[in-house]
Number of protein chains: 2
Amino acid sequence: MKTEIRARIETGEWPVNHRIPSENELVDTLGVSRMTANRALRELANEGVITRVQGKGSFVAPKKRSALALGVRNIADEILERGAVHRMDLILAQAETCGHELAAALELDIGAQSFHSVIVHNEDDVPIQLEDRFVNPAVAPDYLKQDFSRTTPNAFLTSIAPIAKTEQFIEAVLPQPWECKLLAIARSEPCILIRRRTWSQDRVVTAVRLLYPGSRYRLQSNF
Amino acid sequence: MKTEIRARIETGEWPVNHRIPSENELVDTLGVSRMTANRALRELANEGVITRVQGKGSFVAPKKRSALALGVRNIADEILERGAVHRMDLILAQAETCGHELAAALELDIGAQSFHSVIVHNEDDVPIQLEDRFVNPAVAPDYLKQDFSRTTPNAFLTSIAPIAKTEQFIEAVLPQPWECKLLAIARSEPCILIRRRTWSQDRVVTAVRLLYPGSRYRLQSNF
DNA sequence: AAGTGGTCTAGACCACTTA
DNA sequence: AAGTGGTCTAGACCACTTC
């Protein structure tokens with residue numbers, strides 16, 4: 001119900017400022033009760049997908065501008081722009097069963113399958129990002145078949161599933177022992193940790209932890 | 001209804017991890033229907049105020065301390081929005097002579113005067129941000145006369161000089177000994193460091209270092 | 001078995017907008 | 001006056017957790 005409306009908006013079937021069927025119309029056409037239609041539209045409004053005006057109707061909201069310097073960038077592009085050489089070391093790529101936390105992060109059922117990849121990104125042979133990623137198989141069934149020495153997970157995923165929403169947290173943490181090994185840093189070196197989830201058409205595409213050594217990387221945003 | 005529950009949580013009447021009355025209990029005690037109680041709890045869960053587990057119950061969630069990574073926000077507003085108490089401790093406020101680096105940062109001449117303030121921002125008496133700020137006297141000649149127990153530097157500066165441009169770097173660092181003391185953290189605790197400069201009408205208004213303990217604060221950006 | 005949250009239906013009253 | 005969203009009640013079935 002809610003996802004059907006969102007799909008119509010993301011596919012462009014209902015363009016910006018298009019008038020969305022009223023709650024009563026949705027009751028008739030979709031065969032749901034008004035409370036259900038109301039809840040769906042109310043939640044879409046809270047997410048900023050639509051705007052609602054009492055007495056007038058509901059309308060597709062203009063897309064939020066996004067991705068300043070802190071947006072979702074491909075680390076490979078970043079490195080190449082600096083004129084350096086980018087190399088990926090594939091540490092792990094396998095299917096795994098969702099535990100409690102992972103299931104919640106990917107919005108899947110506990111016990112469902114997920115794809116797990118761990119990759120170290122090097123800039124001029126210096127480890128600069130540890131990418132620990134879980135992928136929703138329903139969105140990217142061929143994920144594990146990719147050649148991760150050539151295509152970044154980011155590039156592959158954005159090519160098959162346009163990003164509709166991003167949730168991102170930035171923290172400062174101390175690395176775990178195994179992370180220190182992979183990044184070739186000391187245990188006492190503070191790191192930037194970015195935890196990011198991306199959605200496409202109301203499904204979680206991927207949940208990723210990006211770990212950067214504090215001495216080798218910083219985030220920049222100018223506006 | 002929703003606000004009553006939120007009030008009980010914010011006043012500490014229901015502490016973290018406290019079990020919240022079930023939907024049916026709220027129906028009886030507050031005299032609302034179950035749909036209303038359900039909606040209130042569902043929305044509080046979406047806001048991260050409570051967590052819900054099917055079959056078990058609803059519980060007060062640990063306080064989130066996160067902020068938008070994009071854009072310059074006033075730490076005081078952030079804290080107040082979370083329903084906490086904001087307090088500033090003024091550590092230092094004086095005029096200083098620009099050295100080489102500072103002159104470059106403020107785009108002033110070496111030997112020119114600048115204003116320097118150091119403030120610890122507390123959320124519910126917990127130090128959460130160390131603000132080490134230099135201000136261009138040409139833009140804010142009255143800066144040192146402000147009452148920094150009432151108005152934040154951010155609020156004062158934005159009121160007299162609208163921000164035209166911002167440059168911002170985000171890093172992970174280990175704190176200096178004197179910073180550890182002011183923030184009441186261990187030397188090994190990684191911190192988020194934001195270095196920010198803002199311009200108004202082509203002049204640098206201020207250059208500021210914002211240091212957040214990694215365990216108490218994270219940046220958030222959704223788009 | 002009893003209690004919990006997750007979800008839905010059917011019906012109602014209100015405030016607001018448009019005509 | 002008719003249609004819109006805003007909100008609420010009352011009742012129901014389901015999946016899950018705990019005892």
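Residue numbers start from 1 in every chain, and the chains themselves are labelled A, B, ... in the order their sequence lines are given, proteins ahead of strands.
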side-chain contact (heavy atoms from CB on, under 4.5 Å) for B:R196 and B:L210? Distances and angles first, verdict last. CA-CA 8 Å; B:R196 181 189 294 159; B:L210 303 172; 4.0 Å; yes
How far does [atom1] of [X] sit from [atom2] of [Y], to the nearest 0.5 angstrom?
| X | Y | atom1 | atom2 | answer |
| --- | --- | --- | --- | --- |
| A:E171 | B:C191 | CD | SG | 13.0 Å |
| A:Q146 | A:F115 | CD | CZ | 10.5 Å |
| A:L211 | A:D132 | CG | CG | 9.5 Å |
| A:I119 | A:I91 | CD1 | CD1 | 9.0 Å |

Are A:F134 and A:Y143 near enough that their ring centres are under 6.0 Å apart? no
Single hit among B:R218, B:Q129, B:H121 for side chain to side chain contact (heavy atoms under 4.5 Å, CB included) with B:Y212: B:Q129
Of all pairs that satisfy ring-ring contact (aromatic ring centres under 6.0 Å, His included), the ones with a partner from residues 8-44 of chain A, not counting sequence neighbours: A:W14-A:H18
For DNA chain D, the dot-bracket notation using Watson-Crick and G-U wobble pairs below 3.5 Å, [ ] for pseudoknot-type crossings and | for other-strand pairs, is ||||||||||||||||||.
Among residues 29-42 of chain A, which contact DNA chain C at a heavy-atom distance under 4.0 Å? A:G31, A:V32, A:S33, A:R34, A:M35, A:T36, A:R39
Compare all side-chain heavy atoms of A:L26 with those of A:E23 and state whether any distance is below 4.5 angstrom. no
Residue pair B:V208, B:E131: steps toward the side-chain contact (heavy atoms from CB on, under 4.5 Å) verdict: CA-CA 7 Å; B:V208 63; B:E131 173 188 345; 3.9 Å; yes
With B:R197, which residues qualify under side chain to side chain donor-acceptor pair (under 3.5 Å), at least two apart? B:E167
Positional range of nucleotides in DNA chain C within the contact set of chain A, heavy-atom, under 4.0 Å: C:dT7 to C:dT18
Protein-nucleic acid N or O pairs under 3.5 Å, nucleotides 17-19 of chain D:
none

In terms of side-chain heavy atoms, does A:S58 have a donor or acceptor partner in A:R52 at a distance below 3.5 Å? yes
